[in-house]
Each structure stands twice: as structure tokens, then as C-alpha cells.
Amino acid sequence: MTHQSHGQPKAYHDQRFLDSRDARSLRILAEYLEPLSRFQRHGVQDTIVFMGSARLKSREAAEAALAAAEAGGEGLEAARTAVELSTYYEAARELAHRLTDWSKNLDHDERRFVVCTGGGPGIMEAANRGASEARGLNVGLTISIPNDEFDNPYVSRELHFHFHYFFMRKFWFVYLAKAVVLFPGGFGTLDEMFEILTLVQTRKMRKRVPIVLFGAKFWNEVVNFDALVRYGTISPEDVSLFHRTDSIDEAYEIVTRGLVENALGSPGAQL
């Protein structure tokens, strides 16, 4: 006896259904389960998260743009600013390299304290690049936005994720993080910074995470934390939730000391 096919695929093969509003919960769940599966498969237990502007250039790229601006006589001010800000790109690159070297020399079988970024250009590229140059696996949590396509070739291919839902991407940033380093950035960086600080302040995130704001001049000018204390909207002790520095050595020391004291003996994702 033959069975007649009605041409209707099974629900989990029906792309029209999977892309529909009715299947949104399945798509959200997929952005939890698929990364979880890959992290487990590759032995990634926890991360050091780097955040910062997607617009910053490497020193080489910024100097080339300045030379072009000087030759053309246009955009000189922006090009000079880009060269100045490229110091942050190079600092993120070096810090990620050093932290990856440090992590690789720890006595463990699993991959601990893996550099993780948003997978984009700028500071994200710099951190992935530094980790890659140290021959370490690194993570890129990319988000789909309507901007121009970009290429970050330094993210480890097996740990490059592409999210649709911002809140699922944010979850993976925080759930695996054992340290966070924030470089100068715009709305996205500020959003992530305040969200993480709020989770720590309210003790919704119970793990002790060193948080470094790299570029003290930038942060002191852009966010007046002392004014928040003065107005009573945060407590004086809330300012101690993070460290501000311009030193790669100091940032490295703060992160590694915090990881040894609070995270080395507690592998795995946690809040």
C-alpha cells in the first residue's frame, strides 16, 4: 500500500512557519540552545568580555586615512581624531593578547577565560585580533542590524555566532563572563556597561566580576559618576564596582587578580 504525499513538510522543516510570529518562542530557544551546544562542544567554560566602539580604527588604518585626508585637503579633523583614538584599538589588541597568553598557561583541560566580543569591527576586531595573534580561541557574538556588512576575520570560525534577538546576545555576554573590559564607545557600549553595572549593583549577578573602564579621560568626561553620587541617584560605594585606568599593565593586573581570586576555582557559566 502506498501513502500519498500531501506536500506538507513537518513543522520543524516548514521554513514559513519557523519564520512566523507563531514560532518566535522556538527562535528564541534556538538562540539559547545552539550556542550552548557549541560552547560545550568546544570546551569553553567562561569568558573575558571586551566591549567598545565599532568605529575605532587600527593605527595603521587611521594613519593611512590621515595621509589620504592630508593629500585631499578634506576631513582632516576627523582623521586626526581617528589617529588619536587608534591608541584604544592597539591597547585592546595588546590586552587581549596578554590575557589569552595568561589563560593558555593555566593548568586546566578546559578552555577558561576566552576573549569574547560582539564580533564586529573596531574595538571588537582589536580584541579578537589580539587573541588570535596569541593563537587562542576567541568568541564573536554578532547581532543582525541594518548597517553595512563588515568583516572581522579574527573571530574563531567555530565560535562565531549570529543573533537576531538582542536580549539573547546580552544573555550570552553576561552568563559566561568572568571579567569585563569596556573601551570608549557609543550607545551600544554604554547600554552594555549600565546593564552589567545594574546587575552587579542589584546582586542579580552574584558572581564577582572585575569590571575595567579603559580610557579614564574618556569615561570621566562622558559619564559623570561623581554627579550621580552627589545627586544621590547611586551610592558612593557603587563607584567601587568598577576600575578606571589608562594602563594596559594595570588593566591586566586587575583582571587576572580578580579571576584568580574569584573565578579560577569556579569554572562554568553562572550568574
Side-chain angles (χ1 to χ4, degrees), residues 1-51 54 103 108-122 124-125 127-129 131-132 135-178 180 187-189 191-192 195-196 198-199 204-207 209 266-271:
M1 180 178 179
T2 60
H3 294 278
Q4 182 179 0
S5 173
H6 297 286
Q8 176 61 36
K10 294 176 181 176
Y12 54 83
H13 286 156
D14 187 341
Q15 196 62 47
R16 185 173 62 177
F17 167 70
L18 293 175
D19 290 337
S20 72
R21 181 168 57 183
D22 294 330
R24 181 176 291 135
S25 59
L26 296 179
R27 297 194 300 274
I28 291 170
L29 188 59
E31 291 199 346
Y32 170 72
L33 291 174
E34 195 279 333
L36 177 65
S37 173
R38 245 195 290 173
F39 283 127
Q40 290 177 339
R41 187 161 66 250
H42 295 287
V44 176
Q45 295 214 343
D46 29 40
T47 60
I48 301 172
V49 172
F50 280 69
M51 295 174 174
S103 175
H108 56 73
D109 296 325
E110 301 298 306
R111 293 187 172 95
R112 301 291 310 277
F113 313 127
V114 176
V115 166
C116 173
T117 80
M124 295 172 279
E125 175 191 286
N128 292 124
R129 183 176 181 178
S132 177
R135 300 179 183 275
L137 275 183
N138 62 89
V139 179
L141 306 179
T142 309
I143 188 74
S144 57
I145 52 177
N147 289 6
D148 293 338
E149 289 295 317
F150 57 83
D151 181 33
N152 181 341
Y154 303 104
V155 177
S156 297
R157 181 177 179 181
E158 56 269 51
L159 292 171
H160 197 171
F161 302 88
H162 192 191
F163 291 87
H164 174 76
Y165 297 103
F166 259 111
F167 64 89
M168 289 308 306
R169 179 183 186 236
K170 289 170 179 284
F171 169 82
W172 282 113
F173 271 135
V174 173
Y175 191 42
L176 293 180
K178 295 296 174 66
V180 179
F187 289 158
T189 304
D191 171 48
E192 299 289 358
E195 189 162 50
I196 289 168
T198 301
L199 288 171
K204 284 303 225 180
M205 187 162 71
R206 294 182 297 276
K207 57 189 174 184
V209 177
S266 304
Q270 56 186 281
L271 291 175

Undergrad: Are any non-hydrogen side-chain atoms of Q270 and K178 less than 4.5 angstrom apart?
TA: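 Contact flag for Q270/K178 side chains = yes.
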Undergrad: Please list, chain by chain and in numerical order, all residues satisfying salt bridge (charged side-chain N to carboxylate O under 4.0 Å, His left out) with E158, sequence neighbours excluded.
TA: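 With sequence neighbours excluded, E158 shows a salt bridge (charged side-chain N to carboxylate O under 4.0 Å, His left out) to no residue whatsoever.
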Undergrad: A side-chain contact here means heavy atoms from C-beta on lying under 4.5 Å apart; do W172 and E31 qualify?
TA: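 No. Closest side-chain heavy atoms not under 4.5 Å.
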Undergrad: Side-chain contact test, heavy atoms from C-beta onward, threshold under 4.5 Å: evaluate it for V114 versus S103 and give yes or no.
TA: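 Not touching, per the 4.5 Å side-chain cut-off.
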Undergrad: Does F187 have more than 12 heavy atoms from other residues, nucleotides or ligands lying within 6.0 Å of its CZ?
TA: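 It does not: F187 CZ has 12 such atoms or fewer within range.
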Undergrad: Apply side-chain hydrogen bond (donor to acceptor under 3.5 Å, both in side chains) to E195 and list each qualifying residue two or more places apart in sequence or on a separate chain.
TA: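 Checked E195 against side-chain hydrogen bond (donor to acceptor under 3.5 Å, both in side chains); matches are K170.
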Undergrad: If you take all heavy atoms of C116 and T47, which pair is closest and at what distance?
TA: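 Minimum heavy-atom contact is CB-CB, 3.8 Å.
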Undergrad: To the nearest 0.5 angstrom, please state how far the CZ atom of F113 sits from the CG atom of L176.
TA: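 That separation rounds to 12.0 Å.
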Undergrad: Go through the structure and list residues passing ring-ring contact (aromatic ring centres under 6.0 Å, His included) with F161, not counting sequence neighbours.
TA: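 F161: ring-ring contact (aromatic ring centres under 6.0 Å, His included) contacts with F39.
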Undergrad: P35 and A30: which non-hydrogen atoms are nearest, and at how many Å?
TA: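 The answer is CD-O, 3.6 Å.
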Undergrad: Which residues satisfy the ring-ring contact (aromatic ring centres under 6.0 Å, His included) test with Y12, sequence neighbours excluded?
TA: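 In terms of ring-ring contact (aromatic ring centres under 6.0 Å, His included), with neighbours along the sequence ignored, Y12 is linked to no residue.
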Undergrad: Checking P9 now: which residues fulfil side-chain contact (heavy atoms from CB on, under 4.5 Å) with it, not counting sequence neighbours?
TA: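 H13, D14.
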Undergrad: Please check if the side chain of K207 supplies one atom and the backbone of A269 the other of a donor-acceptor pair under 3.5 Å.
TA: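 Such a contact is absent between K207 side chain and A269 backbone.
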Undergrad: Which residues satisfy the side-chain hydrogen bond (donor to acceptor under 3.5 Å, both in side chains) test with R169, sequence neighbours excluded?
TA: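 Here no residue qualifies.
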Undergrad: To the nearest 0.5 Å, what is the distance between OG on S144 and CZ on F166?
TA: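 So the OG of S144 and the CZ of F166 are separated by 8.0 Å.
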Undergrad: To the nearest 0.5 Å, what is the distance between CE (M51) and OG1 (T189)?
TA: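 One finds 8.0 Å between CE of M51 and OG1 of T189.
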Undergrad: Using the test side-chain contact (heavy atoms from CB on, under 4.5 Å), find all partners of Q40 that sit at least two apart in sequence or belong to another chain.
TA: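 Here the qualifying residues are L36.
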Undergrad: When rounded to the nearest 0.5 angstrom, what is the spacing between NE2 in H164 and CZ in R24?
TA: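 These two atoms lie 7.5 Å from each other.
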Undergrad: Once you round to the nearest 0.5 Å, how far does CG of L137 lie from CG of N128?
TA: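 Reported to 0.5 Å precision, the distance equals 11.5 Å.
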Undergrad: Got a second to check how far N152's CG is from N138's CG, nearest 0.5 Å?
TA: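 It comes to 8.0 Å.
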Undergrad: Residues two or more places apart in sequence or in another chain: which of them pass side-chain contact (heavy atoms from CB on, under 4.5 Å) with A127?
TA: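 Scan of A127 (side-chain contact (heavy atoms from CB on, under 4.5 Å), adjacent residues dropped) gives F50, A96, V115, T117.
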Undergrad: Taking only residues two or more places apart in sequence or in another chain, which ones pass ring-ring contact (aromatic ring centres under 6.0 Å, His included) with F17?
TA: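 Not a single residue meets the ring-ring contact (aromatic ring centres under 6.0 Å, His included) criterion with F17.
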Undergrad: With sequence neighbours excluded, tell me which residues meet ring-ring contact (aromatic ring centres under 6.0 Å, His included) with Y154.
TA: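 Applying ring-ring contact (aromatic ring centres under 6.0 Å, His included) to Y154 gives none.
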Undergrad: Could you list the residues that satisfy side-chain hydrogen bond (donor to acceptor under 3.5 Å, both in side chains) with T142, not counting sequence neighbours?
TA: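 For T142, the residues satisfying side-chain hydrogen bond (donor to acceptor under 3.5 Å, both in side chains) (neighbours in sequence not counted) are H160.
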Undergrad: Evaluate side chain to side chain contact (heavy atoms under 4.5 Å, CB included) for I28 paired with F167, printing each intermediate quantity in order.
TA: CA-CA 9 Å; I28 291 170; F167 64 89; 3.7 Å; yes
Undergrad: Test of understanding: with side-chain hydrogen bond (donor to acceptor under 3.5 Å, both in side chains), list the residues that count as partners of S37, not counting sequence neighbours.
TA: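 Listed in chain order: R41.
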Undergrad: Which heavy atom of L18 sits nearest to which heavy atom of A23, and what is that distance?
TA: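 Answer, listing the atom of L18 first, then A23: O-CB, 3.7 Å.
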Undergrad: Are R38 and E34 close enough for a salt bridge, meaning some N to O gap below 4.0 Å?
TA: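 Yes, R38 and E34 are salt-bridged.
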Undergrad: Could you tell me whether a side-chain N or O of R112 sits under 3.5 Å from a main-chain N or O of D46, the two making a donor and an acceptor?
TA: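 Between the backbone of D46 and the side chain of R112 there is no qualifying donor-acceptor contact (under 3.5 Å).
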